[in-house]
Structures are given as C-alpha cells and as structure tokens.
Amino acid sequence: MRARLCFPRLLPAVLVACSLGLGCGSPESMDPAVNNPQLPLGEPLAAPAGEWSWVDFPDAVCDDGSATGIAVNPAAGSKKLLLFLMGGGACWDYLSCAVLNSSTHGPQGSKQWEATKTGLAGSILDRSRPLPFADYNLVYVPYCTGDVHSGDNVATYTSGTQQKIIHHKGRANLLAFLKRLGATFGDSEKLVVSGSSAGGFGVAINYDLVRAYFPKARGYMLDDSGPILVKDDVPKDRREAWIKNWGLQARLDARCPECSADLSAMLSHHASDYPHDRLALLSYTQDSVIRTFLGLRGAAAYEQNLATLASKIYDPLPTAHYYYVAGQSHTFLGSPEKTTAQGVALPSWLAAFESDDPSWSSTKP
C-alpha cells in the first residue's frame, strides 16, 4: 500500500514485519548544518500566491534515479513558513527494497503531485481549515528515497545474481530544495518543520539542516508519528543497517557522535543549539505501524519505550512536549480536527504550540 497521498502510512504492517533498518554521496563536509558557512543559495522560486505549484528540481532524485521536486503554495505577504515532509515507508536491504517494496518508490513528479494534491483536504496544508497554519507559506516535500529523508548514498543490494540499485538521497534532495527555499523565504519570522511517519523521522533527524537556512525565524519542530526512541529501543541491528546503507555515519560523527548508539540524542542537540525553538511529538501509545517498522513485538513494551523517550528526552527540555494518544493507530496531521485526547483537542494543542502560549504542555493517557 504505497498510495501517493499527502499523509501515507509508513508502510503496511504485514510488510514491515520482515524488514526496515537506515553509501557514496556528496561529502558531509559540505553540509551547512555541520559547518554552517555563509550558505550558498539558489534561484528564488516563482509561484503565484494562494495556489499550489509544482517545481521540478533536476538535481534531486528518487530511488530509481528519476528527477523529483517540491510543491509550493505561497501566502501573499506572509513571513511564516511551513515545510512538510511526506511519509511513505523505508527500505535498507534487497528484501525490503526489491521484494517487499516497503517504501514509496519513484517517480515522484508533477503527475504524481496532481494525484497527491487531492488528499490535502482537512490536513494541516488545507488553508480552509481553522488551524494555526492557514496564513503560512506552504511547502510539500515528496518522498521517494526509502531513507526517511535522511540519506546521501547510492546502495547496491544483492540477492544471488539479482541486484537492486537504490538512490538513498533524501537528505541530499532536501539540501537542494533548501538552497532555493532559503532564497525565497529566508526572511521568514516563523518556521514550522513538520512531517508524518517517515517524514516525522526525517524532521527529527534533519531539523538543524532546515533551521540553518532560516536564521531569523523562530523555529518549531512538529514530528507526527516518527519517534526516534532511546538507545536500543531502536534495535541495534536496524539502527546499524540504517546508518550504513543510508550513508549516515559522517553526518552523525560531525553532528552527534553519540547518536550512532542513541539516535534520540539528536533531539537534545536540536534543543541545545536552538534553545528558544519548540519541539513537539505526536504519537499513539501503541502505534502498530511504528512497532512493526522497528521490528518490535508487544504493544505494552512499545508503550514503555515511548514513556522512556518522554522521561529521558522530552520532559527534561523546557521547550519540548508531546501529545500521546491511547491506541494503535498511526499519524494525525492528515485530519487533526478528528482527534481529542485527555480533554485536549489536537487543533487547540497545535495552536498553543505555534503561538508560544506558555500553557502549552505535554499530555498523555
């Protein structure tokens, strides 16, 4: 089930049960989130206000090597930007990439965007809804690289005489997009970096990369159902497969050396580097898709893993909170108005998050 919708599920549980885990890419020394030199910018985007426009990027590719791009919907006069990363599974070996097809594949171009656009109604990208992002410049980043938007590697996976070449270029694509987005919206006063499922993981891992292009903005990280759990709550073999096959090691060594053993440490770095930014996580307590994605068994054990993430990472950070909802469902931002938990409607919680309301706080069953 890899339908190209706005908020696709990470991947069907029956497929992920058999797999997920995270090179040769451009040198990480050129990564602005690591060195943060005077950032190189591209040409500003030209798109009419109040409607969606697709922009091709010849220097951004899907897993199959086909070119991709982004969709933008500017708001006239706005100095606020919402960047949304699409979800859609992940793959890291021959079985997951070539047999189970447990991630959204390319192509992802203008044709696919036209189909995706019809699924935006009722989401946080729907200007007609009474949500806090209606007056934002909106950017939709499609997903077709199998690496939760985080890789910079071309991997060759083999099984006997069969092979599958996958361009895990999610982070390299994001960098290409940001050069032009920074040139277009660089004066933004508010920046919301969000994504669902695989996009949520991408937000948590890449927040600093995006943030570097909008130095004047107040920042908000909104991770929908992409929790990077503490230490070996992300199983070691999965974590090591991601790091190797998606080409993450140089990035982690430069940004967060301890992240090789504990990916959740990345969140502490974000909070330390941007102490006034708000970090938010939305999650169902027994999310069956993420449990399967991580190869975890037992709903109660996963719920405890989420509790550990809350107590070890989020609770000690004054600007970080979570919205936990009882159940095994997956993702919220495709229809946030449908969710109320602990007496708190999700749109109200998001409004408090975005408005810097001092009463904004974590909520859990």
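- Between Asp208 and Arg251 a salt bridge is recorded (basic side-chain N to carboxylate O distance below 4.0 Å).
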Working note: Phe185 + Phe214, criterion ring pair (Phe, Tyr, Trp, His ring centres under 6.0 Å); need CA distance, chi angles, decisive distance, verdict.
CA-CA 8 Å; Phe185 304 113; Phe214 303 94; 7.7 Å; no
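- Put simply, CG on Leu333 and CG on Leu222 are 5.0 Å apart, with the number rounded to the nearest 0.5 Å.
- Remark: Glu240 engages Lys236 in a salt bridge, criterion side-chain N to carboxylate O under 4.0 Å.
- A donor-acceptor contact under 3.5 angstrom links the side chains of Tyr207 and Asp277, judged on distance only.
- Side-chain contact, Thr308 with Asn305: no donor N or O sits under 3.5 Å from an acceptor N or O.
- A pairwise comparison of heavy atoms in Leu252 and Ser260 identifies CD1-OG, 4.0 Å as the closest pair.
- Distance check: His270 NE2 to Asn206 CG gives 8.0 Å after rounding to the nearest 0.5 Å.
- Crowding of Glu43 atom CD: a count of heavy atoms from other residues, nucleotides or ligands under 6.0 Å not exceeding 12.
- Here Arg129 pairs with Glu337 in a salt bridge; the nearest charged N to carboxylate O distance falls below 4.0 Å.
- Under the 3.5 Å distance criterion, with hydrogens and angles disregarded, a donor-acceptor pair is assigned to the side chains of Gln342 and Thr363.
- With rounding to the nearest 0.5 angstrom, the SG atom of Cys97 is 12.0 Å from the CD1 atom of Ile165.
- One side chain, Ser264 or Asp262, offers a donor N or O that lies under 3.5 Å from an acceptor on the other.
- Between Trp360 and His321, the angle of the ring planes goes over 60°, which puts this pair in the perpendicular group of the 30/60° scheme.
- Taking a cutoff of 4.0 Å between a charged side-chain nitrogen and a carboxylate oxygen, Arg278 and Glu354 do not qualify as a salt bridge.
- By the 4.5 Å heavy-atom criterion applied to side chains, Val72 and Leu138 are not counted as neighbours.
- Between Lys169 and Asp152 there is a salt bridge, with a side-chain nitrogen of the basic residue lying less than 4.0 Å from a carboxylate oxygen of the acidic one.
- Residues Pro227 and Phe201 share a closest heavy-atom pair of O-CE2, 3.1 Å.
- For Arg239 and Asp232, the salt-bridge test passes: some basic side-chain N is under 4.0 Å from an acidic carboxylate O.
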Output, in order, the C-alpha distance, side-chain angles, deciding distance and verdict of side-chain contact (heavy atoms from CB on, under 4.5 Å) for Tyr220 and Asp356.
CA-CA 10 Å; Tyr220 305 81; Asp356 300 314; 2.9 Å; yes
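- Minimum heavy-atom separation, Gly170 to Asp147: N-OD2, 2.8 Å.
- Closest non-hydrogen pair, Ile124 versus Ser194, comes out as CD1-OG, 4.1 Å.
- Under a 3.5 Å cut-off, the side chain of Ser272 and the backbone N or O of His269 do not form any donor-acceptor pair.
- Side-chain atoms of Asn137 do not come within 3.5 Å of backbone N or O of Asn73 as any donor-acceptor pair.
- Separation of atoms CZ (Phe84) and OH (Tyr136) is listed at 15.0 Å; rounding is to 0.5 Å.
- Rounded to the nearest 0.5 Å, atoms OG (Ser196) and NE2 (His330) are 7.5 Å apart.
- For the pairing with Lys312, the side chain to side chain contact (heavy atoms under 4.5 Å, CB included) check across Asp233, Val230, Leu229 returns one residue only, Val230.
- Side-chain atoms of His105 and Asp63 form a donor-acceptor pair, as typed in the model, at a separation below 3.5 Å.
- Between Val192 and Phe133, the closest side-chain pair of non-hydrogen atoms falls below 4.5 Å.
- A continuous path of hydrophobic side-chain contacts links Met221 to Tyr274 [ILVMFWY only; heavy atoms under 4.5 Å].
- Counting heavy atoms from C-beta outward, Leu309 and Leu281 have side chains that approach closer than 4.5 Å.
- Without hydrogens or angle criteria, Ser335 side chain to Gly122 main chain gives no donor-acceptor distance under 3.5 Å.
- Taking the charged nitrogens against the carboxylate oxygens, Asp273 and Arg211 have no contact shorter than 4.0 Å, which rules out a salt bridge.
- Side chains of Thr116 and Pro142 form no contact here, defined as non-hydrogen atoms less than 4.5 Å apart.
- With rounding to the nearest 0.5 angstrom, the OH atom of Tyr213 is 13.0 Å from the CZ atom of Phe177.
- Tyr323 and Trp349 have tilted rings, their planes meeting at an angle from 30° to 60° on a 0 to 90° scale.
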Could you please spell out the steps behind the side-chain contact (heavy atoms from CB on, under 4.5 Å) verdict for Tyr322 and Lys364?
CA-CA 8 Å; Tyr322 46 87; Lys364 59 184 177 181; 3.9 Å; yes
With side-chain contact (heavy atoms from CB on, under 4.5 Å) as the criterion, how do Thr145 and Arg171 come out once you've worked through the C-alpha distance, each side chain's angles and the decisive distance to 0.1 Å?
CA-CA 9 Å; Thr145 52; Arg171 185 176 173 88; over 6 Å; no
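- For Tyr284 and Tyr324, the gap between ring centers reaches or exceeds 6.0 Å.
- Side-chain heavy atoms closer than 4.5 Å link hydrophobic residues (I, L, V, M, F, W, Y) into clusters, and following such links, even through other members, never connects Val61 to Tyr143.
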Residues Leu248, Ser150; criterion side-chain contact (heavy atoms from CB on, under 4.5 Å); working and verdict
CA-CA 8 Å; Leu248 299 184; Ser150 300; 4.2 Å; yes
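- For the residue pair Pro107 and Ser66, the shortest heavy atom distance occurs at CA-OG, 3.5 Å.
- For the pair Ser103 and Ala90, the tightest heavy-atom approach, listed with the atom from each and the gap, is CB-N, 3.3 Å.
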